[in-house]
Amino acid sequence: DLKPLNQKSCNLNEFRLLTITRNKELSVAFKNRDRSFGQSVFECDNSLCISYEKVCNLNDDCGDSSDEDNCFNNFKCLDSGEYLAVSKKCDGVFDCLDYSDECNTDCDNHVKIFANNTMFTLACAFGFISTLCNLCVIYRGVKKYSSLKTAIAMINELFVLVVSSGDLLQGVFILLVAFSDKYLNKSTCKTQFEWVTSNLCTGLGVISTLGSLVSLYSMTVLSLYRAHGAKSMKISRKCLTNRNKTAVTFCIGAIFFVAAVVSFIPLSPY
């Protein structure tokens, strides 16, 4: 059946079919491009009429939003009035220019990295333990190095120290992030990008990346050296020559240099 509409409503286009019902109201059907007639008509609050296919389609087809206001499949941005699929609300991605799809009372949007004191305490504990343990490893390694007699043992110990220095940076990073987020992060939902892109957060990111890469590169080189040493057992009886020292120094310097370059690449303006 056709939906009855008030006589003064529906400013229709040229393709229309009007019939008068007993209650003296107009019933409207659209003539489609395939010359068929659609019977479902939605009356906008501003007296325009559209096909029901255009209702709740994330577009303001009426011009007064009446075809979208009472829909359950959309979310309306506050400032722009743009309609988004409801699945984009509270999904952790800012789709509205005013952040209203994420910064609202319905979203559990934490601007803190550590949402509660328990998480903060655990982060501090892990960071402190990691920092302390790696400091102990470095201290013991430095003392042990002077008593080593063979080249392979000395090189092994040097690279273990480098790996520990990278892990030490990771422990320091966790501590700095925890305390920075707890005491320096004053951002709100809408200003959290200013905090994330601040110089402090950028510096923390560099420390984390540098520590990770130093550990990774050092373990890779150490593994390759140990594999080479397993094939050539003679090297274990040799002392560390000046040539070996130069090669090891160059290798460790290259590890820190490449790790630093990769860590600072995101800060490049190019």
Side-chain angles (χ1 to χ4, degrees), residues 113-114 118-185 198-267:
I113 299 176
F114 306 103
T118 301
M119 294 180 64
F120 170 74
T121 303
L122 289 174
C124 290
F126 282 122
F128 177 77
I129 293 173
S130 175
T131 302
L132 182 61
C133 289
N134 283 289
L135 283 174
C136 291
V137 171
I138 293 174
Y139 175 75
R140 292 178 60 185
V142 172
K143 290 186 63 177
K144 179 182 177 181
Y145 180 79
S146 59
S147 62
L148 299 176
K149 303 300 182 182
T150 61
I152 192 169
M154 297 176 75
I155 293 174
N156 276 335
E157 192 61 38
L158 283 173
F159 279 102
V160 169
L161 289 173
V162 177
V163 172
S164 298
S165 65
D167 293 341
L168 174 63
L169 288 176
Q170 288 295 313
V172 172
F173 164 74
I174 294 174
L175 285 175
L176 291 177
V177 166
F179 281 97
S180 298
D181 185 63
K182 179 73 173 180
Y183 300 108
L184 300 179
N185 184 3
S198 65
N199 292 333
L200 177 58
C201 285
T202 301
L204 293 175
V206 170
I207 293 174
S208 174
T209 306
L210 181 62
S212 299
L213 294 180
V214 167
S215 297
L216 176 62
Y217 296 161
S218 301
M219 287 188 289
T220 301
V221 174
L222 181 58
S223 298
L224 294 174
Y225 180 77
R226 285 176 175 175
H228 173 72
K231 294 181 179 180
S232 178
M233 299 303 295
K234 294 180 180 180
I235 195 173
S236 63
R237 300 178 181 179
K238 295 181 180 179
C239 295
L240 195 62
T241 63
N242 290 332
R243 183 179 179 182
N244 295 141
K245 291 179 180 178
T246 302
V248 171
T249 301
F250 175 81
C251 187
I252 293 176
I255 288 173
F256 278 98
F257 176 76
V258 174
V261 170
V262 175
S263 300
F264 281 95
I265 282 178
L267 304 183

Report task. Could you walk me through whether L175 and F126 pass side-chain contact (heavy atoms from CB on, under 4.5 Å), step by step? Result -> CA-CA 8 Å; L175 285 175; F126 282 122; over 6 Å; no

**Report entry** Residue pair V177, F114: steps toward the side-chain contact (heavy atoms from CB on, under 4.5 Å) verdict
**Finding:** CA-CA 9 Å; V177 166; F114 306 103; 3.9 Å; yes

Query raised in the report: Between C201 and S198, is a side-chain contact (heavy atoms from CB on, under 4.5 Å) present by the stated rule, with each step listed?
Result: CA-CA 5 Å; C201 285; S198 65; 3.8 Å; yes

Requested in this report: Decide yes or no on side-chain contact (heavy atoms from CB on, under 4.5 Å) for F179 and L184, but give the supporting numbers first.
Outcome: CA-CA 8 Å; F179 281 97; L184 300 179; over 6 Å; no

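Among V206, I207, L213, the single residue meeting the side-chain contact (heavy atoms from CB on, under 4.5 Å) criterion with T209 is L213.
Residues that satisfy the side chain to side chain donor-acceptor pair (under 3.5 Å) test with S180, not counting sequence neighbours, are absent from this structure.
Atom CG of L168 and atom CG of L161 lie 11.5 Å apart (nearest 0.5 Å).
Proximity of the aromatic rings of F256 and Y217 is defined here by a centroid distance below 6.0 angstrom, and this criterion is not met.
Side chains of S212 and Q170: a donor on one and an acceptor on the other come within 3.5 Å.
Between the side chain of S164 and the backbone N or O of I138, no donor-acceptor pair lies under 3.5 Å. Counting only distance, with no hydrogens or angles, the side chain of T246 and the backbone of N242 share a donor-acceptor pair below 3.5 Å.
Residue Y145 qualifies as enclosed at atom OH: its count of foreign heavy atoms under 6.0 Å is above 12.
Under the 4.5 Å side-chain criterion, counting only non-hydrogen atoms from C-beta, F159 is in contact with C251.
Between S165 and V214, the shortest heavy-atom distance links the atoms OG-CG1, 4.1 Å. Contact between S130 and G171 at its shortest, heavy atoms only, is OG-CA, 3.6 Å.
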